[in-house]
Amino acid sequence: MSLTQLMEQRRAKIAQWRAIGCEPYAYRYEVTHHADALLARGDAVTQEFGERVRIAGRIMTMRGHGKAGFAHVLDPTGRIQVYFKSDVMGDHFRRYELLEVGDWVGIEGPLFRTRSGEISVRADQVELLAKGIRPLPEKWHGLTDPETRFRQRYADLFVNLDVRETFRRRARLVSAIRRFLDGRGYLEVETPVLQPLYGGAFARPFVTRHNALDVDLYLRVSNELYLKRLIVGGLDRVYEFARDFRNEGMDRSHNPEFTLLEFYQAFADVEDMMALTEQLVSEVLQAALGTLHVPHEGRTLDFTPPWRRVSMLDAVSEKVGESVHALDEAQLARLCRARGLAARPGTGAGGLLDELFSELVQPELQDATFLIDFPAETSPLARVSRRDPRVVERFELFAAGMELANAFSEQNDPDAQRAAFEAQGAARARGDEEAQPLDEDYLRALEYGMPPTGGVGIGIDRLVMLATGSRSIRDVILFPQLRPEEGRPTPDDVAEPAEEGAEGR
RNA sequence: GCGCCCGUAGCUCAACUGGCAGAGCAACUGACUCUUAAUCAGUAGGUUCUUGGUUCGAUUCCAAGCGGGCGCACCA
């Protein structure tokens with residue numbers, strides 16, 4: 001039967017409900033109990049009818065038996081069985097007869113255990129809360145098509161219950177991070193998503209248009225420069241869970257919009273931030289998973305502190321079989337060519353090193369590992385190292401071959417920062433499309449003086465992947481980016497944008 | 001962007017070498033007052049992603065397009 005016919009059939013039920021005096025879309029229902037708590041009562045529930053409860057949820061299965069029947073109702077916490085019996089329901093039995101899988105119902109009646117042993121609610125009263133007119137996916141195989149699952153996450157969430165658990169765990173992880181930072185005197189702040197100038201990361205931005213101001217604005221690729229402006233202002237510890245946007249390809253670990261936690265602490269350096277990151281991540285993973293031996297794609301990743309520290313230069317040297325510490329751009333280019341690798345244009349020796357690292361070393365970083373000793377060219381916002389002027393004070397955290405965090409001793413010398421920006425401008429002129437633009441306002445802020453500061457960015461989506469055993473970032477983002485569905489109306493089809501005066505309704 | 005794979009009923013999947021497009025679940029009718037992938041009897045449901053081509057004949061072969069998955073590239 002076609003979808004249209006199936007939906008017409010179900011839609012016809014609406015009139016039947018109204019004919020018996022029931023409004024098929026209710027306004028409220030007093031819920032007294034949730035399924036998980038009722039099921040947890042275990043042996044306390046017997047075949048004797050016990051406490052009266054009111055539950056509400058979506059009907060997932062029905063088994064009719066003439067003048068009786070069973071259904072499983074899914075509420076926010078789980079499924080519980082409901083028993084409908086004609087001779088105790090009076091005219092509410094007619095309501096049961098009109099119910100179908102997919103409807104939202106409120107059920108009132110005593111809790112009991114069936115002869116076959118399942119804790120159930122005997123329905124004395126049935127209220128239709130919302131009529132479902134679209135048929136549900138199959139009860140046994142469920143919904144497996146990835147495209148449908150992502151496009152119709154609303155269906156995915158009530159068919160594949162582990163999806164609910166993934167996003168609950170994500171929420172718990174985020175609030176654990178908040179508690180961690182709040183407990184250390186950090187202030188949660190909000191900074192602009194729409195920025196006149198993007199910066200703080202190497203990435204191509206999305207561009208949008210502000211009509212009233214008649215200017216182009218960028219969706220932020222990072223909030224780094226704004227958070228450091230706040231440090232200049234004297235807010236000594238700040239953080240933000242920032243939705244950032246990068247106009248790049250998508251794959252298992254990249255979505256065009258993603259969540260990056262950034263936190264900055266005055267009077268701290270990269271060493272302090274490394275210690276803090278190690279503590280934060282291990283504490284949060286322990287809380288989410290109950291262990292620091294994180295299962296991931298068939299292997300176990302070790303997050304037990306202290307984490308290994310690997311020098312980028314040493315690791316690459318080891319892989320290429322010669323020291324790269326003192327090599328110039330031409331020599332590094334030779335090493336890349338020999339392996340068929342190409343760095344981003346215009347990024348110089350640093351870019352070549354980074355390319356060698358990404359290809360040769362990064363995939364092997366499975367257990368939590370701090371990478372240190374980065375070249376300055378690819379770190380324009382970091383300070384030069386006190387112990388080795390050829391590198392900057394920076395670390396990245398890797399696990400499962402993914403970059404999880406990025407941090408440095410923040411550059412607070414306005415002249416050095418200007419020079420680094422200008423070097424970025426030169427890189428852009430040489431073809432680096434992701435070079436960071438010079439931000440005069442940010443330099444103005446630094447000119448007022450920024451205290452020594454350590455800053456960290458942590459990829460929340462990737463951290464959640466580890467905490468939930470997800471192999472794709474799409475499994476931890478509720479509505480991952482997809483191509484628009486065919487036939488869906490575009491904004492141009494709908495209406496002209498509202499004029500002034502129509503806003504703020 | 002490139003390569004490989006996929007797209008069949010609401011859902012999950014079949015259909016041999018090109019020969020009438022099928023099943024289970026869901027739906028509909030009937031029976032059934034403790035079932036649980038309820039059971040039993042019956043009924044109905046298709047733009048085989050789209051467009052074009054080859055062919056007597058295309059779900060099947062070819063081309064282009066659309067959408068998706070995986071990999072690569074991009075992306076720190």
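Order of the sequence lines fixes the chain letters, A, B, ..., with proteins taken first and strands second; residue numbering starts at 1 for each chain.
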- Just wondering, more than 12 heavy atoms not from Arg308(A) lying within 6.0 Å of its CZ? no

- Answer yes or no: does a side-chain N or O of Lys13(A) lie under 4.0 Å from OP1 or OP2 of C28(B)? yes

- Counting any heavy atom closer than 4.0 Å, what does Arg252(A) reach on the DNA or RNA strands: base, sugar-phosphate only, or nothing? sugar-phosphate

- Message: Could you tell me the Watson-Crick or G-U partner of A9(B), where both distances fall under 3.5 Å? Say none if there is no partner.
- Response: none

- Query: Are any of Arg151(A)'s side-chain N or O atoms less than 4.0 Å away from OP1 or OP2 of G68(B)?
  - Reply: yes

- Round to a whole Å and report the spacing from NZ of Lys139(A) to P of A27(B). 8 Å

- Counting primed atoms, P, OP1 and OP2 as sugar-phosphate and everything else as base, the B/S/- map of nucleotides 1-10 of chain B against protein heavy atoms under 4.0 Å is ---------B

- Query: Which base sits across from C2(B) as a Watson-Crick or G-U pair, both distances under 3.5 Å?
  - Reply: G71(B)

- Query: Got a sec, which residues hit salt bridge (charged side-chain N to carboxylate O under 4.0 Å, His left out) with Glu97(A), two or more places apart in sequence or on another chain?
  - Reply: Arg94(A)

- Message: Using the side-chain heavy atoms of Asp87(A), tell me which of these nucleotides is nearest: U33(B), G71(B), A27(B).
- Response: U33(B)

- Query: Can you check whether Arg63(A) has a side-chain N or O nearer than 4.0 Å to OP1 or OP2 of U35(B)?
  - Reply: no

- Tyr218(A): what forms a side chain to side chain contact (heavy atoms under 4.5 Å, CB included) with it, not counting sequence neighbours? Tyr198(A), Pro205(A), Val207(A)

- Message: Whole angstroms only, please: what is the NZ-P distance between Lys67(A) and U35(B)?
- Response: 18 Å

- Round to a whole Å and report the spacing from CG of Asp145(A) to P of U12(B). 6 Å

- Task: Report the base-pairing partner of U51(B) (Watson-Crick or G-U wobble, both distances below 3.5 angstrom), or none.
- Result: A63(B)

- Determine: side-chain N/O of Arg134(A) to OP1/OP2 of C11(B), distance under 4.0 Å, yes or no. no

- Task: Let me know the distance between NE2 of His254(A) and C1' of C70(B), rounded to the nearest Å.
- Result: 17 Å

- Query: Does Asp251(A) get its side chain close enough to the base of C74(B), under 3.5 Å, for a donor-acceptor pair?
  - Reply: yes

- Task: Give the rounded distance in Å between these two atoms: CD of Gln362(A) and C1' of C74(B).
- Result: 14 Å

- Query: Expressed in angstrom and rounded to an integer, what is the separation of Ile473(A) atom CD1 from C75(B) atom P?
  - Reply: 17 Å

- Query: Considering only side-chain heavy atoms of Glu359(A), which listed nucleotide, C28(B), A73(B), U35(B), is closest?
  - Reply: A73(B)

- Item | Proximity to the side chain of Thr144(A) - top-ranked nucleotide from A37(B), C13(B), G68(B) | C13(B)

- Note on the structure: Among the nucleotides C70(B), G68(B), C32(B), whichever has the atom closest to the side chain of Arg471(A) is C70(B)

- Can you name the side chain to side chain contact (heavy atoms under 4.5 Å, CB included) partners of Glu318(A), sequence neighbours left out? none

- Item | From G68(B), C34(B), A27(B), nucleotide with atom closest to Arg115(A) side chain | C34(B)

For residues 65-74 of chain A, tabulate all N or O donor-acceptor pairs below 3.5 Å that involve a side-chain atom, not counting sequence neighbours.
residue  : atom : partner   : partner atom : Å
His72(A) : ND1  : Thr61(A)  : OG1          : 3.4
His72(A) : NE2  : Glu118(A) : OE2          : 2.7

- Message: Does Gln81(A) contact U35(B) through a side-chain donor or acceptor facing the base, at a distance under 3.5 Å?
- Response: yes

- Does any N or O donor sit under 3.5 Å from an N or O acceptor when you compare the side chain of Thr61(A) with the base of U36(B)? no

- Across the strands shown, which category fits Ala201(A) at heavy-atom distances under 4.0 angstrom: base, sugar-phosphate, nothing? nothing

- In the structure shown, which nucleotide is the Watson-Crick or G-U wobble counterpart of G57(B), with both distances under 3.5 Å? none

Quiz: residues 457-464 of chain A side-chain donor-acceptor pairs under 3.5 angstrom, not counting sequence neighbours:
residue   : atom : partner   : partner atom : Å
Asp461(A) : OD1  : Arg170(A) : NH1          : 3.0
Asp461(A) : OD1  : Arg170(A) : NH2          : 3.0
Asp461(A) : OD2  : Thr259(A) : N            : 2.7
Arg462(A) : NE   : Ser253(A) : O            : 3.2
Arg462(A) : NH1  : Glu403(A) : O            : 2.8
Arg462(A) : NH2  : Ser253(A) : O            : 3.0
Arg462(A) : NH2  : His254(A) : NE2          : 3.2

- Query: Are the charged groups of Glu393(A) and Arg383(A) less than 4.0 angstrom apart, N to O?
  - Reply: no

- Paired to G42(B) by Watson-Crick or G-U wobble criteria (both distances under 3.5 Å) is C28(B)

- Message: For a quick test of reading the model: is some side-chain N or O of Lys85(A) closer than 4.0 Å to OP1 or OP2 of U33(B)?
- Response: no

- Measure from NZ or CZ of Arg58(A) to the centre of the six-membered ring of Phe158(A) and say whether it is under 6.0 Å with the direction within 45° of the ring axis. yes

- Query: So what's U35(B) paired with, Watson-Crick or G-U wobble, going by both distances under 3.5 Å?
  - Reply: none

- Item | His141(A) side-chain proximity, nearest of U12(B), A37(B), C74(B) | U12(B)

- Item | Atom pair distance, as rounded to whole Å: CD in Gln5(A) and C1' in U29(B) | 16 Å

- Message: Taking the cut-offs as 6.0 angstrom to the six-membered ring centre and 45 degrees off its axis, would you call Arg243(A) and Phe258(A) a cation-pi pair?
- Response: no

- Examine U36(B): is either OP1 or OP2 under 4.0 Å from a nitrogen or oxygen in the side chain of Arg113(A)? Give yes or no. no

